[in-house]
K.L.:
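Okay, here's the structure, questions in a sec.
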Amino acid sequence: MLIDTHCHLDSEYFPEGADETIARARSEGVTGFVCIGVGSPAQARCALDLAARRADVWATVGVHPHDAAQFDDAQEAELLGLAQQPRVVAIGEIGLDFHYDHSPRERQEEVFRRFIQIARQLKKPVVIHTRSAPEETLRILSEEKAADVGGLIHCFSENKAFAERALDLGFDLSFSGIVTFKRAVDIQEVAAWAPADRILVETDSPYLAPVPLRGKRCEPAHVVHTARFVAGLRGVSLEQIAEQTTQNATRRLGVSAVLN
Ligand SMILES: [Zn+2]
Ligand SMILES: [Zn+2]
């Protein structure tokens, strides 16, 4: 039993429909799905609709740093309404992406800060996206008192020094298919070392399929490969990693394995 704590199931990525994608994952033993509602308010609504009609899906609502430039007051009002729904278990993904710089950096920071405030107001954890902005991300998390709600660093791709500081701030570490890549030595070091009660696994589908499927469209069924790899790094069984990360997801996000 595994939970994919971060997947994008939008129809543009999975034209066959989310139910079919989920059925394939369920047949591999993946029994819970956190569907990320970013891109636009319409996409957030889709994630929430899916979560509302399926017991094994939960949603998040937020503004990806890539989309910060388009974010405006009308979007905020709509997203705030959605974020209050009980099936929305976290705010995100939010954060900084200074690698692609799809939105101006100052605007990314403003929107990031705004959504940490919203999360604190709603008392929901935050899902953090951070790329090429480690110091800025940690500084904002600290200045905005994100530790009040905690959350997770999704698609963890930093080093051990960053991991230690993120853990201190109340953030768990979620590993995606990237950890299986040959050159991801720093990430593997963190996945082997991190406290057992602070790790999660995810796909970030449709991107970043784990080895041996690297380069293919990634889907929630593939989280099994990532979990098996992390188990190998830690010298435990796949079953142990599945049980531990499922417990962690329950504690962090209030989601659980849904058997049928
Ligand atoms: Zn992300
Ligand atoms: Zn994502």
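Index from 1, following the sequence.
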K.L.:
Using the test ring-ring contact (aromatic ring centres under 6.0 Å, His included), find all partners of H99 that sit at least two apart in sequence or belong to another chain.
P.N.:
none
K.L.:
List in chain and number order the residues that pass ring-ring contact (aromatic ring centres under 6.0 Å, His included) with F171, two or more places apart in sequence or in another chain; answer none if no residue qualifies.
P.N.:
none
K.L.:
The test is side chain to side chain donor-acceptor pair (under 3.5 Å); show your working for S237 and Q240 and say whether it passes.
P.N.:
CA-CA 5 Å; S237 67; Q240 280 170 293; 3.2 Å; yes
K.L.:
Would you please classify the geometry between the Y13 ring and the H8 ring as parallel, tilted or perpendicular, with 30° and 60° separating the classes?
P.N.:
perpendicular
K.L.:
Does either side chain, that of H129 or that of D97, offer a donor lying less than 3.5 Å from an acceptor on the other one?
P.N.:
yes
K.L.:
Other hydrophobic cluster members with V127, side-chain heavy atoms of Ile/Leu/Val/Met/Phe/Trp/Tyr under 4.5 Å, chained?
P.N.:
I3, V34, I36, V38, W58, V89, L152, L200, L253, V255, V258
K.L.:
Would you check if the side chain of R87 reaches a backbone N or O of V57 as a donor-acceptor pair within less than 3.5 Å?
P.N.:
yes
K.L.:
For R228, which residues count as a side-chain contact (heavy atoms from CB on, under 4.5 Å) partner, sequence neighbours excluded?
P.N.:
V224, H225, L238
K.L.:
The criterion is salt bridge (charged side-chain N to carboxylate O under 4.0 Å, His left out); which residues satisfy it with R26, sequence neighbours excluded?
P.N.:
D56
K.L.:
Got more than 12 heavy atoms from elsewhere within 6.0 Å of CG, D72?
P.N.:
yes
K.L.:
R113 and salt bridge (charged side-chain N to carboxylate O under 4.0 Å, His left out): which single residue from E136, E106, E143 fits?
P.N.:
E143
K.L.:
Using links of under 4.5 Å between side-chain heavy atoms of ILVMFWY residues, direct or through other members, which residues join V185 in one cluster?
P.N.:
none
K.L.:
Once side chain to side chain donor-acceptor pair (under 3.5 Å) is applied, do any residues pair with R107, and if so which ones, sequence neighbours excluded?
P.N.:
E110
K.L.:
In terms of heavy-atom contacts, does CZ of R53 have more than 12 from other residues, nucleotides or ligands at under 6.0 Å?
P.N.:
yes
K.L.:
Under the salt bridge (Lys or Arg N to Asp or Glu O under 4.0 Å) rule, what pairs show up with a residue in residues 184-198, not counting sequence neighbours?
P.N.:
D172-R198
K.L.:
Determine whether the side chains of T246 and E243 contain a donor N or O and an acceptor N or O closer than 3.5 Å.
P.N.:
no
K.L.:
Do F162 and P134 have side chains that approach each other closer than 4.5 Å (heavy atoms only, starting at C-beta)?
P.N.:
yes
K.L.:
Could you pull out all residues at least two apart from E76 that satisfy salt bridge (charged side-chain N to carboxylate O under 4.0 Å, His left out)?
P.N.:
R114
K.L.:
Classify the angle between the aromatic ring planes of H64 and H66 as parallel (below 30°), tilted (30 to 60°) or perpendicular (above 60°).
P.N.:
tilted
K.L.:
State, without any angle test, whether E202 and S174 hold a side-chain donor-acceptor pair at a distance under 3.5 Å.
P.N.:
yes
K.L.:
Other hydrophobic cluster members with M1, side-chain heavy atoms of Ile/Leu/Val/Met/Phe/Trp/Tyr under 4.5 Å, chained?
P.N.:
L259
K.L.:
I'd like to check the ring-ring contact (aromatic ring centres under 6.0 Å, His included) partners of F98; sequence neighbours left out, ordered by chain and number.
P.N.:
none
K.L.:
Quiz question: by atom type and distance under 3.5 Å, do the side chains of S40 and Q43 form a donor-acceptor pair?
P.N.:
yes
K.L.:
Just jot down the side chain to side chain donor-acceptor pair (under 3.5 Å) partners of Q85, sequence neighbours excluded, or say none.
P.N.:
none
K.L.:
Within a reach of under 6.0 Å around CZ of R120, are more than 12 heavy atoms found that belong to other residues, nucleotides or ligands?
P.N.:
yes
K.L.:
Would you please test F115 and F71 for ring-ring contact (aromatic ring centres under 6.0 Å, His included) and show each step?
P.N.:
CA-CA 11 Å; F115 274 85; F71 179 66; 5.4 Å; yes
K.L.:
Can you find a side-chain donor-acceptor pair between S176 and D204 that sits under 3.5 Å?
P.N.:
no
